[in-house]
Amino acid sequence: MSTDIYKPRIIYISYAMILVIILLSIVMPFFNIEVGVKAQRKPTVFDYIIRDPTITPGGTFKDPMMGEANTLNPWMFTTSWEFMILGVVYDTLTTIAPDGNIVGVLAKDWEIRDNGTTYIFYLYENATWHDGTPLTADDVVFTYLFLRDYGNITRFKDYAPYIKNAEALNKYTVKITLTQPYAPFLTLVTSSIFIVPKHIWSKISPSDLPKFKNEPPLGSGPFIFKEHVPQQYYKLEANPKYHLGRPYIDTYILPIISNPEAMLLSLKKGEIDDVTWSVPYATIPD
């Protein structure tokens with residue numbers, strides 16, 4: 001039998017294959033998939049949390065501060081000492097990992113839509129405030145609407161104009177709409193704005209915000225605020241129900257040592273576990 005009758009069929013199949021390849025090359029980018037390349041998994045915070053099974057949790061870590069915290073208001077703080085406390089009492093939606101990747105803290109995942117003006121955040125369902133109240137989309141919406149409406153009187157006044165709206169799509173999904181695309185939104189805004197509990201902050205008048213000290217602070221972070229002895233120390237304890245896992249240490253003490261030489265001497269004596277400020281030049285060899 002002559003094979004000539006098969007030639008048109010072969011030609012049609014070749015054309016069809018070429019057409020499929022062309023169509024795939026057009027469609028695939030919309031699905032963030034490349035032909036012949038396996039889609040990469042988005043890194044999560046758990047890629048950076050190392051849990052050594054040989055280490056038994058417990059003990060105290062003493063991390064000195066150079067001075068008193070003038071405020072523990074997450075909207076108004078200005079010093080590193082205030083951040084040392086706020087940064088472990090409260091959580092943000094995202095954070096920047098040591099290698100530069102953006103990973104979620106309260107957000108387990110997110111999507112970017114509408115040319116960078118819409119962000120959809122999917123929250124961890126097991127995050128709670130330190131008083132046991134569940135942390136939900138309502139808290140995130142409240143925080144970002146607060147930023148939009150009153151951010152101009154806070155330390156985050158530069159971010160406020162970018163927030164157009166925030167709404168809860170369900171109990172653990174938040175939609176944040178921007179007034180315009182803002183490339184560093186995930187690195188600067190969602191990694192800096194501490195999410196505050198609506199059931200606490202909705203009772204605070206914006207006019208009182210600048211002078212509101214917020215002590216004791218109530219957050220959702222890995223450590224719970226326990227005690228402040230003026231001019232002596234701040235004491236925090238591990239949050240046993242932290243949604244990303246309980247911290248290794250039981251107690252986090254922040255002694256107040258205003259003198260660098262005294263701080264170094266305390267380190268030598270074993271009274272503290274690190275030095276958090278400048279080391280006197282003459283003592284560098286030691």
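These values consider heavy atoms only, across backbone and side chains, with no hydrogens, waters or symmetry-generated copies.
- One side chain, Y234 or E68, offers a donor N or O that lies under 3.5 Å from an acceptor on the other.
- In this structure, H130 contributes its side chain and G219 its backbone to a donor-acceptor pair below 3.5 Å.
- Within the 4.5 Å cutoff, the side chain of T117 has heavy atoms near those of the D114 side chain.
- A donor-acceptor contact closer than 3.5 angstrom links the side chains of D91 and Y242.
- When all heavy atoms of V45 and V103 are compared, the pair lying nearest together is N-CB, 3.7 Å.
- Residues R155 and P74 approach most closely at CD-O, 4.5 Å, considering heavy atoms.
- Under the 6.0 Å distance and 45° angle rule, K42 counts as a cation-pi partner of W110.
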### side chain to side chain contact (heavy atoms under 4.5 Å, CB included) assessment of L178 paired with I163
CA-CA 5 Å; L178 305 186; I163 308 301; 4.0 Å; yes

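- Among residues at least two apart or in separate chains, there is no side-chain hydrogen bond (donor to acceptor under 3.5 Å, both in side chains) pair with a member in residues 179-188.
- Between F212 and W201, the angle of the ring planes goes over 60°, which puts this pair in the perpendicular group of the 30/60° scheme.
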### Message
Show, in sequence, the C-alpha distance, side-chain angles and deciding distance for E82 and T78, and conclude whether the side chain to side chain contact (heavy atoms under 4.5 Å, CB included) test is met.
### Response
CA-CA 7 Å; E82 293 157 355; T78 58; 3.8 Å; yes

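- In this structure, Y162 has its ring center no closer than 6.0 Å to that of F185.
- Between T154 and L209 the shortest side-chain heavy-atom distance falls below 4.5 Å.
- Under the 4.5 Å side-chain criterion, counting only non-hydrogen atoms from C-beta, L106 is in contact with H243.
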### Task
Could you please spell out the steps behind the side chain to side chain contact (heavy atoms under 4.5 Å, CB included) verdict for E215 and H228?
CA-CA 9 Å; E215 187 173 332; H228 171 206; 2.7 Å; yes

### Query
Does the side chain to side chain contact (heavy atoms under 4.5 Å, CB included) test come out yes or no for Y159 and I193, once each step is laid out?
CA-CA 10 Å; Y159 302 155; I193 300 297; 4.2 Å; yes

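- The backbone N or O of K213 lies less than 3.5 Å from no partner atom in the side chain of N73, so there is not a single donor-acceptor pair.
- The existence of a salt bridge linking K171 and E125 is excluded, since no basic side-chain nitrogen approaches an acidic carboxylate oxygen closer than 4.0 Å.
- Under the 3.5 Å distance criterion, the side-chain polar atoms of N259 are matched with a main-chain donor or acceptor of A262.
- Taking CZ of F83 as the reference point, atom CG of L72 lies at 13.0 Å (rounded to 0.5 Å).
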Donor-acceptor pairs under 3.5 Å, side chain of residues 144-151 to any protein atom, not counting sequence neighbours: which ones?
residue : atom : partner : partner atom : Å
R148    : NH1  : K164    : O            : 3.0

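- Between the side chains of S191 and T92, no donor N or O sits under 3.5 Å from an acceptor N or O.
- Side-chain atoms of N214 and W75 form no donor-acceptor pair, as typed in the model, at a separation below 3.5 Å.
- Here the closest non-hydrogen pair linking D47 and P43 is OD2-CA, 3.3 Å.
- Between E111 and R113, at least one side-chain nitrogen of the basic residue sits less than 4.0 Å from a carboxylate oxygen of the acidic one, meeting the salt-bridge criterion.
- Between A160 and N152, the closest heavy-atom pair is CB-N, 4.3 Å.
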### Pair W129-D139, side chain to side chain donor-acceptor pair (under 3.5 Å): steps then yes or no
CA-CA 10 Å; W129 298 106; D139 297 298; 3.2 Å; yes

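- A donor and an acceptor atom, one from each side chain of D52 and T54, are located under 3.5 Å apart.
- Side-chain atoms of T136 do not come within 3.5 Å of backbone N or O of Y172 as any donor-acceptor pair.
- Within a 6.0 Å sphere centred on CG of N115, heavy atoms belonging to other residues, nucleotides or ligands number 12 at most.
- By the neighbour-count criterion of 12 heavy atoms within 6.0 Å, atom CD1 of I50 is sparsely surrounded, having that number or fewer from other residues, nucleotides or ligands.
- The two residues L218 and D131 have their closest heavy-atom pair at CD1-CB, 3.7 Å.
- Smallest separation of non-hydrogen atoms from F142 and S202: CZ-N, 3.6 Å.
- Atoms OG and CZ, on S192 and F156 in that order, are 6.0 Å from each other to the nearest 0.5 Å.
- One distance of note links CG of L254 with CE of M65; it measures 6.0 Å at 0.5 Å rounding.
- Between F77 and F194, the ring-plane angle classifies as tilted under the 30° and 60° cut-offs.
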### Task
Take T173 and N170 through the test side chain to side chain donor-acceptor pair (under 3.5 Å) and record every step on the way to the result.
CA-CA 5 Å; T173 305; N170 58 47; 2.9 Å; yes

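- No donor-acceptor distance shorter than 3.5 angstrom exists from the side chain of K175 to the backbone of L169, with no hydrogens or angles considered.
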